[in-house]
Amino acid sequence: MTSVLPVLPVRARLTGLSFLGAGILFVLYPVVRPYSDETSLSGAAAMASPAWMAAHLFAVAGFVLLALGVLGLHLLLDPVLDRPLALRAAVVTWIGAGLTLPYYGAEVFGLNVIAARAVRDGDASLLALADEFRYGPVAAAMFLIGLVLLGAGALLAAIAAARSGTLPRWSAAPLAAGFLLFIPQFFATPAIRVAHGVLIALGAAWLAVALWRLGRRPSSPAA
């Protein structure tokens, strides 16, 4: 007799904490991020600020915790239910995060350096370099594909949770909606971007609570 269920409480709580941490970071990202005309020296000052770096590092850490959370769902659901849908969600999410993070790294460090030089020289024209990076075909394609895959991974995770019979049917749906809307929110106002972060945070918290409740259920050995 072997058992996969006695480790369920620890896995469930760690997975819940991963999602909860990701949710908190994704609401801090748009709240802390400074907004300004990014073709002007005031925009350069914003991108050169510690707040700019902190906000984008919050997003970087959030993507990492999201990937760990979806992996945790796979470890919770697939071994017990023998349904590899959560594994597919984890693979897609990890690939999506891998394609997305280099872009955020350049936003954190590259744009910060360019903006600091523009402020130091009083030359807003240097910010054209930021657009050359942001809209370069390879960088933009990697970023777009990465975010699409992250949305697809979150959707697959939500379907896996709904079909599991162990988590509430809609427990992962709001979180999936948040990541499916990740690309459109970039074109919205700061207030809507903050609201989008709140949506992700609430969805992550709802899923985390469901996972913690799952972790408190009594377990029994499985053959």
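- Every side-chain contact (heavy atoms from CB on, under 4.5 Å) that Leu202 has, sequence neighbours left out, goes to Val198.
- When all heavy atoms of Ala44 and Ala118 are compared, the closest pair comes out as CB-CB, 4.1 Å.
- In terms of the side chain to side chain donor-acceptor pair (under 3.5 Å) criterion, residue partners of Ser125 (sequence neighbours excluded) are, by chain and number, Asp123.
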What side-chain donor-acceptor pairs closer than 3.5 Å can you find for residues 17-28, not counting sequence neighbours?
| residue | atom | partner | partner atom | Å |
| --- | --- | --- | --- | --- |
| Ser18 | OG | Leu14 | O | 3.1 |

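- Each of Leu71 and Leu155 belongs to its own hydrophobic cluster when Ile, Leu, Val, Met, Phe, Trp and Tyr are linked at side-chain heavy-atom distances under 4.5 angstrom.
- In the hydrophobic clustering of ILVMFWY residues, with side-chain heavy atoms under 4.5 Å counting as a link, Leu207 and Leu68 come out together.
- One N or O on the side chain of Tyr35 and one on the backbone of Pro30 form a donor-acceptor pair closer than 3.5 Å.
- Closest heavy-atom contact between Ala161 and Ser164: O-OG, 2.7 Å.
- Taking Asp121 as the reference, Arg117 meet the side chain to side chain donor-acceptor pair (under 3.5 Å) condition, with sequence neighbours excluded.
- The CG atom of Leu85 lies 9.0 Å from the CG atom of Leu77; values are rounded to the nearest 0.5 Å.
- Considering all non-hydrogen atoms of both residues, Ser49 and Ala46 come closest at OG-O, 2.6 Å.
- Nearest heavy atom pair, residue Thr15 against residue Leu73, reads CG2-N, 3.8 Å.
- Looking at residues two or more places apart in sequence or on another chain, you find a side-chain contact (heavy atoms from CB on, under 4.5 Å) between Leu99 and Ile95, Met142, Ile145, Leu149.
- Scanning all heavy atoms of the two residues, the minimum distance from Val32 to Ala54 falls at CG1-CB, 4.5 Å.
- Summarising the geometry, atom OG1 belonging to Thr166 is positioned 8.5 Å from atom CG belonging to Leu211; distances are rounded to the nearest 0.5 Å.
- Following chains of ILVMFWY side-chain contacts shorter than 4.5 Å, one can reach Val92 starting from Leu87, so the two form part of one hydrophobic cluster.
- Interatomic distance, CG of Leu127 versus CG of Asp37, reported as 9.0 Å (0.5 Å rounding).
- Within the 4.5 Å cutoff, the side chain of Leu167 has no heavy atoms near those of the Leu76 side chain.
- The hydrophobic clustering, which links ILVMFWY residues whose side-chain heavy atoms are closer than 4.5 Å, places Val70 and Val91 apart.
- Both Ile200 and Val64 sit in one connected hydrophobic cluster of ILVMFWY residues. Membership requires side-chain heavy atoms under 4.5 Å apart, directly or through other members.
- Residue Arg169 qualifies as open at atom CZ: its count of foreign heavy atoms under 6.0 Å is 12 or below.
- Residue pairs meeting the salt bridge (charged side-chain N to carboxylate O under 4.0 Å, His left out) criterion with at least one member in residues 176-197: none, sequence neighbours excluded.
- Here Leu111 pairs with Met47, Trp52, Glu107, Ala130, Phe133, Arg134 under the side-chain contact (heavy atoms from CB on, under 4.5 Å) rule; sequence neighbours left out.
- Here Ile192 sits alone; no ILVMFWY side chain lies under 4.5 Å from its own, so it joins no hydrophobic cluster.
- Among residues two or more places apart in sequence or in another chain, the ring-ring contact (aromatic ring centres under 6.0 Å, His included) test is passed with Phe186 by Phe143, Phe182.
- With rounding to the nearest 0.5 angstrom, the CG atom of Leu180 is 11.0 Å from the CG atom of Leu147.
- Applying the side chain to side chain donor-acceptor pair (under 3.5 Å) test to residues at least two apart or on different chains, the pairs with a partner in residues 86-106 are Tyr29-Tyr104.
- Residue His74 holds its NE2 atom at 13.5 Å from CG of Leu156, rounded to the nearest 0.5 Å.
- Listed by chain and number, the residues in a side chain to side chain donor-acceptor pair (under 3.5 Å) with Ser42 are Ser36, Ser40 (sequence neighbours excluded).
- Looking at residues two or more places apart in sequence or on another chain, you find a side-chain contact (heavy atoms from CB on, under 4.5 Å) between Ala45 and Val119.
- Heavy atoms only, all atoms of each residue included: Ala208 and Gly16 are closest at CB-O, 3.3 Å.
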